[in-house]
Structures are given as C-alpha cells and as structure tokens.
Peer 1: 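Let me give you the structure first, and then I'll get to my questions.
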Amino acid sequence: MSRLTDPSHNTVETKYIFVTGGVVSSLGKGIISSSLACLLKARGYRVTIQKFDPYINIDPGTLNPYEHGECYVTVDGHEADLDLGHYERFTDIRTTRANNVTTGRIYQSVIDKERRGDYLGKTVQIIPHITDEIKRNVMALGKTGRFDFVITEIGGTVGDIESLPFLEAVRQLRWEMGDDCVCIHLTYVPYIRAAKELKTKPTQHSVKQLQHVGIQPDILVLRTELEIPEGTLRKIAQFCNVSADAVVQSVDAPSIYEVPLMMHAQGLDTAVLRKTGIQPCGEPDMSAWRGFLDRMASASGSVTIGLVGKYVELQDAYKSINEALFQAATYCGRKLDLRYIHSEKVTEGNAGEMLAGMDGVVVAPGFGQRGIEGKFAALKWCRTHDIPTFGICLGMQCMVIEFARNVLGLADANSTEMDPATPHNVIDLMEDQKCIHNMGGTMRLGAYDCRLAEGSHAAKAYGKTLVSERHRHRFEFNNRYRAGFEAAGMKCVGENPDTRLTEVVEMPDHRWYIGTQYHPEYSSTVLNPSPLFLDFIKAAIDYGEYKQWEN
C-alpha cells in the first residue's frame, strides 16, 4: 500500500504509537515495541520504531558495557541503544540515526540553536524549547512520507525525573494528534508467592503516575510470570480507565521470538488499529515467522559454541552475536549450546581444557588490553587443532596478531592499540583516525562495501563477492605485512573496494577459520539470518559429527 488506508481506502495520516514503562525497568518495552511492529508489518503496513533514551550521553558509543550492554550500530554509522537490534531482528527494517535519540542529543541541538540565535534572544526553557525539540524528533520519521506507523519507545520508567520532558512531549502530542496517536503503557503485575496472589496495586500506581503528568494510556500491557485471571484483568481496566479489550497480558515466554504471536493472540495489534480508527481486516501474514518457531520447536541435537570475550558475565554485552548464533543454529536444525569463556582466564596452559568439547569458537569484539592475551591463547589452540573459529572485529585482529607471533615468527607483533611501540604493528591505527582525539562517534562506523575473492570460503558462504556490512573500529590490518601473511597461509580475501582496507582474513587449509573486521551480527535477523553465521554453524555441526565418528 502506498499510504496508510482504512477499509474504505481513504488515505489517512501517519499514526504515532508511544510505549512507556512503569513499576520497574527491564520489563521488555523493546520486545513489545518490536513485536507490535512485526505484527503491523505482517498486515502490510509500513512501520518504523525509534527509541528515546533519557540519559545525557550523546549516544551509547562511549558507555562501558557494564553500564549499558551492547552498543548497536546502524547502517548510517550511528552508535545506538541495543533495543535497535531487536527492532531490526523482528522487522527486517534498517534503522538509522533518526531511530535513536538521547537527552544529550536533544539538549545539544537546543543549545546549538541558542548559540546561533535561532530563538531570537528568548529565554530557553524545558517547555517549550526542549519539548518542541523532542516533538520534532518524534515526528521527523513520519514526515518523510515513508511510514504508516511510527512506534516510539520512551526509555526509563514513569516517575524517573530524567523522563519527564519526554512524557510532557508525549502529553502534548497526544492532544495535538487526537486519534492519530496511541499510548501503550507496559507495567508489571507481581506474584507474591507467600500470599499466592497476583498484585495489581503497582500497576494502578504506575498508571496514576502517568495520569499525573497528563497522559491517559489507551492500552495496557501487563508483564507477568503467571496467567492473570479474567476478573483481575477487568479490575485493572476499571481502576485504570482503560477499556477491557485493551488490557493485554504478556506472560513470561521461553523465547522472545514467541512474543509477537502471543501479542496477536492477546489482540494487541487489533487494539492499536481500532484505537487509531482503522477497522482490523484479516490476519497478519505470520507464516514465515511461524516457520522459524517451528524450526525452533523441532530442532534436534545441539551445537556447542564457545564465546571468548572479556564481558561474558554480562547478559547483553554480546547480544547481537548471541542472537545471530541462535538464529543460525535454528535454521540448521540444532539447539544452540552457548558456552561463555572469560578471556582473562584463558592461558596457553589451560586453553585446551577450557575449549574442550567446543564444536566451534567465536572470539568476540571489544577494545583495550584486558583479556587480550587469553584471546591469543584461545586462537592458537583453535588454529593448531583445526577448530571452526570465527573472529569478529578485535577477534579478527587477534587472529592476525597470533598468526604473526606463532607462524611468522614476529614475537613482538601487536596492535598499536595495545602496544604503541611494537616493532611489528600488524594492526595499526587507521590513517583517518590519527588526528582524532574525541572518543564518541569518531570511529569507522556504519555499512561499507567489501569485495570478496572469488572462490574464497567467505564468498561461498555469502553466495556473492560484493557484500555490505557494518563496522565499528579504529584499527586495521596493516597491508605492509600482507604478502608475508598470504605466503604463510593466512589469506586476505576481503577488502574495501575504495580504500583497499583488509576486511576479511581466512585460512583456506583449515575447516573454517575466518576473521572479519566488520560485524556481520548486526545484519542478522529472524527471517534473514547472516550467511556467514549460517556457514560457521554448519561447519561447527560438521566438526561435532566428525568428532563423534572419530571417537
């Protein structure tokens, strides 16, 4: 459809959906937003999602993973909140800078305007200047004419002081847009085991807080561990001034990928359509999604993958890699058995013991010295024992350094990130990075083309020789050493066609030993898994079967 239409085919305006959260954080606003977008897209509507984060950082690019989890990168090179990864995995849309806005960016834009004199000498205030800037960003995607629905997730929890300007902007937009705007409030209904009761008071208080700032939710989504009785749902609807058919429960699910179908069964998508004046017609086409879930359910056997990194104790630090591995394993008919291996604990003496039983190993991306020697040790063991191995970004750079030290005989080889004085800088700072001192948003970021060598393992995996993948790095393979590496067996099989930067290395005489300077995990989605991850998992499965046969 060229524009959002109702059943009588009358063109109507872009609809805006706001998703807020209450009671506690980490309820899953991103998953609910992604699931709703998935359902609307399956109905034929053009949908996008954006995340508004209340922290003052310009973006998450300089945040420690212990603070924020994974930093996701969009195709246009914006460092974004990890929820954008969920948005893309659930919908196959490609997000950009416009899909993630922080308080820091809002204030920076307003202050820049004030310095230019755009406000004509007026006193700059939260209302209207900050709220107007928030509203401008909310509506920017809708004004492109490319979307029927714009879903905006408001980070944080109702009652947080940081979220107040965003909620005020939502309040204003709610009244300005009328039926073209819907507010969904995600809240929590706890189960008190001692009393054996589900408690609705936290939800009631959360809605009252939202009403206190002038927002009446149109739809409630209730996160719960247990099924909520019908009478309790009616009670919540009555006490929160929400129609009974607009109270949706989201019971804990074994997998986040089951949530879209659960939300459809609960009527979330139909409630949104009705609230925006559209008569729901037919059912969303979720056949491909159901096919993925069927593969999940029917997966037999497992594939064991070791993930070597220094943030493995953090659930979200390698979120996109985890999901890309899971998707690939599912499409290969296997359950993923993912083992986390802390790189600080790996040495040449214990690498065999720590990696024993792995069908494949991923060496994770990252920055800094901590845990780097453990990655070298893990890679040496994988290379010498011919274990399917996948190095991503820093993981690829570690492949290069380990090979230089132990095959080329360059004992002091290193990256100038780790040792600026190394005599063999096989990994070096990119030329266009050498005069940059700021940290935020200054790396090589976003999607770039990569030309793969004909007949290479990587080209066979992709089924083509020209690919585009996303980057997030400052350091690169030093092409002055390329001839020596290739003569010794590590081939540079992928390079940027414009800059000649090496993007992919592999060892053709190994089962599967590939490193990518880019991050293929960012482009892996439920319906379009990464070809490189798929090929890696296939190699790991083959190796696992070979080990069984050998034994």
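All values reported here derive from a predicted model rather than from experimental measurement.
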Peer 1: Flag yes if more than 12 heavy atoms outside K143 fall under 6.0 Å of its NZ atom; otherwise flag no.
Peer 2: no

Peer 1: Report yes if the distance between the aromatic ring centroids of Y45 and F147 is under 6.0 Å, otherwise no.
Peer 2: no

Peer 1: Do the side chain of Q216 and the main chain of C240 share a donor and acceptor less than 3.5 angstrom apart?
Peer 2: yes

Peer 1: With no hydrogens and no angle check, just 3.5 Å: does a side-chain donor-acceptor pair link E283 and H264?
Peer 2: yes

Peer 1: Run the side-chain contact (heavy atoms from CB on, under 4.5 Å) check on M296 and F326 step by step: do they pass?
Peer 2: CA-CA 9 Å; M296 279 176 51; F326 176 79; 4.0 Å; yes

Peer 1: Salt-bridge test for E168 and K135: reply yes if a basic N is under 4.0 Å from a carboxylate O, no otherwise.
Peer 2: no

Peer 1: May I ask you to say whether D252 pairs ionically with R223, meaning some side-chain N is under 4.0 Å from a carboxylate O?
Peer 2: yes

Peer 1: Test salt bridge (charged side-chain N to carboxylate O under 4.0 Å, His left out) on E197 and K199 and set out the steps.
Peer 2: CA-CA 6 Å; E197 286 183 317; K199 293 296 183 180; 2.7 Å; yes

Peer 1: For the residue pair H185 and T20, confirm or rule out a side-chain donor-acceptor distance under 3.5 Å.
Peer 2: yes

Peer 1: Please find the pair of heavy atoms, one from S524 and one from P529, that lie closest to each other, and give the distance.
Peer 2: OG-CA, 3.5 Å

Peer 1: Hey, does the side chain of N496 reach the backbone of D449 with a donor-acceptor pair shorter than 3.5 angstrom?
Peer 2: yes

Peer 1: Under 6.0 Å between ring centres, would you say that holds for F533 and F390?
Peer 2: yes

Peer 1: Do I392 and V362 have side chains that approach each other closer than 4.5 Å (heavy atoms only, starting at C-beta)?
Peer 2: yes

Peer 1: Judged by atom type as modelled, is there a donor-acceptor pair below 3.5 Å linking the side chain of R105 to the main-chain atoms of N100?
Peer 2: yes

Peer 1: Kindly give the heavy-atom pair with the smallest separation between V303 and A329, and that separation in Å.
Peer 2: CG1-CB, 4.0 Å

Peer 1: Of all heavy-atom pairs between R97 and D76, which one has the smallest distance, and what is that distance?
Peer 2: N-OD2, 3.0 Å

Peer 1: Return the set of residues passing salt bridge (charged side-chain N to carboxylate O under 4.0 Å, His left out) with E133 (not counting sequence neighbours), or none when no residue passes.
Peer 2: K113, R136

Peer 1: Can you check side-chain contact (heavy atoms from CB on, under 4.5 Å) on L233 and L222, steps first, answer last?
Peer 2: CA-CA 9 Å; L233 293 174; L222 310 176; 3.7 Å; yes

Peer 1: So which atom in A37 and which in T91 form the shortest heavy-atom distance, rounded to 0.1 Å?
Peer 2: CB-CG2, 3.7 Å

Peer 1: Using 30° and 60° as the class boundaries, would you call the ring planes of Y119 and H129 parallel, tilted or perpendicular?
Peer 2: perpendicular

Peer 1: If I compare all heavy atoms of E469 with all of S523, which pair ends up nearest, and what's the gap?
Peer 2: OE1-OG, 2.9 Å

Peer 1: Quick one: does any side-chain atom of T525 pair with a main-chain N or O of N528 as donor and acceptor, under 3.5 Å?
Peer 2: yes

Peer 1: Heavy-atom distance under 4.5 Å between the side chains of F52 and V138, does that happen here?
Peer 2: yes

Peer 1: Within a reach of under 6.0 Å around CZ of R115, are more than 12 heavy atoms found that belong to other residues, nucleotides or ligands?
Peer 2: no

Peer 1: With side chain to side chain donor-acceptor pair (under 3.5 Å) as the test, would you mind laying out the steps for E70 and S320 before giving the verdict?
Peer 2: CA-CA 8 Å; E70 173 187 73; S320 291; 2.9 Å; yes

Peer 1: Are H78 and D59 close enough that some pair of their side-chain heavy atoms sits under 4.5 Å apart?
Peer 2: yes

Peer 1: Is it true that, when you exclude L226 itself, more than 12 heavy atoms of the residues, nucleotides or ligands shown sit nearer than 6.0 Å to its CG?
Peer 2: yes

Peer 1: Is the shortest heavy-atom distance from the side chain of L325 to the side chain of I321 under 4.5 Å?
Peer 2: yes

Peer 1: Determine whether T48 and R146 satisfy the following criterion, side chain to side chain donor-acceptor pair (under 3.5 Å), listing intermediate values before the conclusion.
Peer 2: CA-CA 9 Å; T48 191; R146 294 186 287 117; over 6 Å; no

Peer 1: Taking the side chain as every heavy atom from C-beta outward, state whether E323 and K319 have any pair of such atoms under 4.5 Å apart.
Peer 2: yes

Peer 1: Do the side chain of R43 and the main chain of G282 share a donor and acceptor less than 3.5 angstrom apart?
Peer 2: yes

Peer 1: Give the C-alpha distance, both sets of side-chain angles, the deciding distance and a yes or no for salt bridge (charged side-chain N to carboxylate O under 4.0 Å, His left out) between E225 and R193.
Peer 2: CA-CA 11 Å; E225 298 174 60; R193 295 196 179 276; 3.6 Å; yes

Peer 1: Applying salt bridge (charged side-chain N to carboxylate O under 4.0 Å, His left out) between R470 and each of E503, E79, E88, report the one that passes.
Peer 2: E88

Peer 1: Kindly say whether Y522 contributes a backbone atom to a donor-acceptor pair with the side chain of Y72 at under 3.5 angstrom?
Peer 2: yes

Peer 1: Is it true that Y331 and F292 have ring centroids separated by less than 6.0 Å?
Peer 2: yes

Peer 1: Can you tell me how far CG of L141 sits from CD1 of I49, rounded to the nearest 0.5 angstrom?
Peer 2: 11.0 Å

Peer 1: Using side-chain contact (heavy atoms from CB on, under 4.5 Å) as the criterion, point out the one residue from V242, L268, I17, D245 that pairs with I219.
Peer 2: L268

Peer 1: Under 4.5 Å between any side-chain heavy atoms of Y55 and P60, yes or no?
Peer 2: yes

Peer 1: Could you pull out the closest heavy-atom pair between E227 and L198, with the gap in Å?
Peer 2: O-CD1, 3.6 Å

Peer 1: Please determine whether side-chain contact (heavy atoms from CB on, under 4.5 Å) holds for the pair I236 and Q204, giving the CA-CA distance in whole Å, both sets of side-chain angles, and the decisive distance to 0.1 Å.
Peer 2: CA-CA 7 Å; I236 291 172; Q204 294 176 44; 5.8 Å; no

Peer 1: May I ask you to decide if D83's main-chain N or O and D81's side chain share a donor-acceptor pair within less than 3.5 Å?
Peer 2: yes

Peer 1: Rounded to the nearest 0.5 Å, what's the gap from CZ on F18 to SG on C183? Could you check?
Peer 2: 6.5 Å

Peer 1: Using a strict cut-off of less than 4.0 Å between a Lys/Arg side-chain nitrogen and an Asp/Glu carboxylate oxygen, indicate whether K15 and D180 qualify as a salt bridge.
Peer 2: yes

Peer 1: Does L532 offer a backbone N or O that forms a donor-acceptor pair with the side chain of D535 under 3.5 Å?
Peer 2: no

Peer 1: R472 pairs by side-chain contact (heavy atoms from CB on, under 4.5 Å) with which of Q517, H519, R444?
Peer 2: H519

Peer 1: Does the side chain of D92 pick up a donor-acceptor pair with the side chain of Y87 at under 3.5 Å?
Peer 2: no

Peer 1: Just how far is it from atom OG1 of T200 to atom CD1 of I228, taken to the nearest 0.5 Å?
Peer 2: 9.5 Å

Peer 1: Check this for me, if you would: do K51 and D53 make a salt bridge, where the nitrogen-to-carboxylate-oxygen distance has to be below 4.0 angstrom?
Peer 2: yes

Peer 1: Before you tell me yes or no, could you show the steps for T74 and N99 under side-chain contact (heavy atoms from CB on, under 4.5 Å), namely the whole-Å CA-CA distance, both residues' side-chain angles and the distance that decides it to 0.1 Å?
Peer 2: CA-CA 9 Å; T74 62; N99 293 86; 5.9 Å; no

Peer 1: For V182, does its backbone N or O pair with a side-chain atom of D218 as donor and acceptor, under 3.5 Å?
Peer 2: no

Peer 1: Can you confirm if the aromatic rings of Y518 and Y448 lie within a centre distance of less than 6.0 Å?
Peer 2: no

Peer 1: Spell out, as yes or no, whether a donor-acceptor pair under 3.5 Å connects the side chain of T465 to the backbone of L452.
Peer 2: no

Peer 1: Answer yes or no: is there a side-chain heavy-atom contact under 4.5 Å between V526 and Y257?
Peer 2: yes

Peer 1: Do I130 and I106 make a side-chain contact, defined as non-hydrogen atoms from C-beta onward lying under 4.5 Å apart?
Peer 2: yes

Peer 1: What do the steps show when you test K275 against S243 for side chain to side chain donor-acceptor pair (under 3.5 Å), and what is the final call?
Peer 2: CA-CA 11 Å; K275 295 289 183 182; S243 57; 3.2 Å; yes

